[in-house]
Amino acid sequence: MIRVHVSPDPIDLAGEMMRVEQGNVGAVASFCGLVRADDGVDVLELEHYPGATEAALERIARTATERWSLQAATIIHRVGPMRPGERIVLVVTAAPHRRDALDACAYLIDRLKTDAPFWKRETRGDQASWVEARDSDTAAASRWQA
Amino acid sequence: MIRVHVSPDPIDLAGEMMRVEQGNVGAVASFCGLVRADDGVDVLELEHYPGATEAALERIARTATERWSLQAATIIHRVGPMRPGERIVLVVTAAPHRRDALDACAYLIDRLKTDAPFWKRETRGDQASWVEARDSDTAAASRWQA
Amino acid sequence: MTILYFAWVRERIGLAEEALALPDGVASVADLIRWLAARGGGYAEALAEPERLRAAVDQNFVGLDASVVGAREVALFPPVTGG
Amino acid sequence: MTILYFAWVRERIGLAEEALALPDGVASVADLIRWLAARGGGYAEALAEPERLRAAVDQNFVGLDASVVGAREVALFPPVTGG
């Protein structure tokens with residue numbers, strides 16, 4: 001019911017969404033983050049901390065299942081190099097009722113932004129730079145503090 | 001950029017989700033409601049008010065695009081008879097940033113529940129009954145009042 | 001004027017739609033409901049409790065105090081339950 | 001003890017991972033950072049501002065005051081930016 005996957009492979013959006021429709025699900029919510037090109041990014045590279053990453057994602061997903069009535073919580077995160085338009089991350093939640101699915105979905109992506117060991121590096125032409133952590137992400141995550 | 005579709009055909013989840021990934025999208029959020037079987041429902045039938053339904057859905061979607069910075073707002077609603085496990089409704093939002101996509105997605109489904117002329121009839125064996133409107137839906141919609 | 005009925009209003013009246021000429025004195029949706037209910041039978045059964053009904057005039061959702069004068073289409077139905 | 005470096009910490013030090021025996025007196029993550037920075041070069045460049053660093057001890061995310069005594073694996077990295 002919890003599914004966590006970190007891989008350099010492209011994210012199979014349709015497959016992951018349909019996977020959680022099994023069983024007696026009433027509501028499925030999803031969030032997908034994609035590489036944007038508007039600031040001239042050619043390549044976005046995701047580095048992570050193997051082992052610790054998966055453990056962190058499972059902890060986030062498990063916390064969501066304790067807080068909301070969920071039938072599924074999926075977190076798929078791509079790592080390695082990717083191009084504008086490609087999917088970086090997908091979270092999917094399934095629940096009997098919509099409020100649980102929607103709130104848990106927002107929780108998973110907010111938490112993932114601050115609590116999982118991923119680092120983004122952007123390349124524009126021959127310039128590479130590490131993305132700075134944003135205060136707005138910390139604020140978004142902290143609104144879930146009970 | 002606004003897409004509204006009401007039809008007796010099954011909802012093409014994958015097609016609708018991928019459709020909004022065009023352009024320079026950074027965040028896609030979705031909500032899908034499915035027919036649940038747990039209370040013994042054999043068939044759920046959705047009646048609607050042709051013409052007025054589409055207009056109501058477009059109004060809801062347009063309001064979302066005025067309130068959040070969106071690149072796409074999609075509402076697909078199935079009508080006619082459907083079976084447990086089938087999709088009733090799909091809303092998808094695309095935006096440069098995740099908060100806009102997530103909040104607008106929740107808004108669309110909350111508003112749709114109270115502001116669009118659909119009526120659900122459940123059949124269990126040879127017993128049919130109209131679903132009663134729920135106060136919790138009115139409360140969920142009213143939390144978006146500015 | 002075209003009158004549309006949906007969901008259990010339609011089922012109890014036994015009609016999805018009908019064309020009617022309103023008499024003088026039927027100015028609001030509430031007046032229309034009262035006038036139709038007075039026909040008895042399925043109408044009385046469907047329309048006995050106006051507080052359980054919602055309406056649209058020319059496809060705009062309105063309160064029961066809204067005017068129906070000059071409208072082309074009035075719809076009567078229960079609270080919506082989509083999504 | 002295995003020390004792991006990620007993102008620009010890794011780049012500046014020029015290593016993803018190394019095995020080190022800590023001297024007496026290196027008890028906390030902050031001690032470890034100070035001790036490594038004193039090596040100069042890429043270490044000094046990567047670790048000059050401890051307030052910009054985060055750490056994990058045996059894959060648990062901790063504050064810089066956390067103990068490293070007896071740890072098998074310590075990771076040093078910038079604030080995370082996934083999702």
Side-chain angles (χ1 to χ4, degrees), chain A residues 10-41 44 71 84-110 112-113 134 136-137 139-141 143, chain B residues 10-41 44 71 84-110 112-113 134 136-137 139-141 143:
Chain A
I11 294 174
D12 174 13
L13 178 78
E16 295 297 343
M17 301 239 6
M18 289 179 199
R19 181 192 281 258
V20 306
E21 290 185 345
Q22 311 306 321
N24 193 26
V25 158
V28 175
S30 78
F31 176 83
C32 183
L34 298 98
V35 184
R36 282 190 296 147
D38 53 358
D39 41 4
V41 171
L44 181 74
Q71 291 158 308
E86 293 192 301
R87 301 178 193 119
I88 308 168
V89 62
L90 173 67
V91 308
V92 188
T93 53
H97 300 292
R98 81 178 182 286
R99 190 56 46 203
D100 291 305
L102 288 166
D103 288 351
C105 178
Y107 173 89
L108 290 179
I109 187 65
D110 281 350
L112 186 153
K113 290 258 176 190
R134 295 187 309 175
S136 63
D137 286 335
R143 79 194 177 98
Chain B
I11 293 175
D12 174 13
L13 178 78
E16 296 296 343
M17 302 267 325
M18 288 179 201
R19 181 190 282 259
V20 307
E21 289 185 347
Q22 311 306 319
N24 192 25
V25 158
V28 174
S30 79
F31 176 83
C32 184
L34 298 97
V35 183
R36 281 190 298 147
D38 51 359
D39 42 3
V41 170
L44 182 73
Q71 292 159 307
E86 293 192 300
R87 301 177 194 120
I88 308 168
V89 62
L90 173 67
V91 307
V92 188
T93 55
H97 301 292
R98 80 179 183 285
R99 190 56 45 203
D100 290 305
L102 288 165
D103 287 351
C105 177
Y107 174 88
L108 290 179
I109 187 65
D110 280 351
L112 186 154
K113 290 260 177 189
R134 294 187 309 174
S136 62
D137 286 334
R143 81 195 176 97

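Letters go in sequence order (proteins before strands), and every chain restarts at 1. Keep in mind that this is a model prediction, so the values were computed, not measured.
In this structure, B:E16 contributes its side chain and B:I11 its backbone to no donor-acceptor pair below 3.5 Å.
The contact between B:D110 and chain A is made by backbone and side chain atoms together, counting heavy-atom distances below 4.5 Å. The parts of B:D137 that come within reach of chain A are both its backbone and its side chain, each placing non-hydrogen atoms under 4.5 angstrom from that chain. Residue contact with chain B, scored on non-hydrogen atoms closer than 4.5 Å, is absent for A:V92. Looking at B:V89, neither its backbone nor its side chain comes within 4.5 Å of chain A, counting heavy atoms on both sides.
Across A:S136, A:A140, A:P96, the residue that shares the most heavy-atom pairs under 4.5 angstrom with chain B is A:P96. Top candidate by heavy-atom pairs under 4.5 Å with chain B, chosen from A:H97, A:Q22, A:E21, A:M17, is A:E21. Taking B:A14, B:A37, B:G33 one by one and counting their heavy-atom pairs under 4.5 Å with chain A, the maximum is reached by B:A37. Annotation: maximal heavy-atom pairing with chain B below 4.5 Å, among A:A29, A:G26, A:P84, A:C105, occurs at A:G26.
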### Task
Evaluate side chain to side chain contact (heavy atoms under 4.5 Å, CB included) for A:F31 paired with A:L108, printing each intermediate quantity in order.
CA-CA 9 Å; A:F31 176 83; A:L108 290 179; over 6 Å; no

### Task
Verify side chain to side chain contact (heavy atoms under 4.5 Å, CB included) between B:V20 and B:V25, making sure each step is shown before the conclusion.
CA-CA 8 Å; B:V20 307; B:V25 158; 5.8 Å; no

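Minimum interatomic distance between B:R99 and A:A106 (heavy atoms only, all atoms of both residues): NH1-CB, 4.3 Å. In terms of heavy atoms, A:G85 sits closest to A:L34 at O-CD2, 3.4 Å.
No side-chain heavy atom of A:L13 sits under 4.5 Å from any side-chain heavy atom of B:V28.
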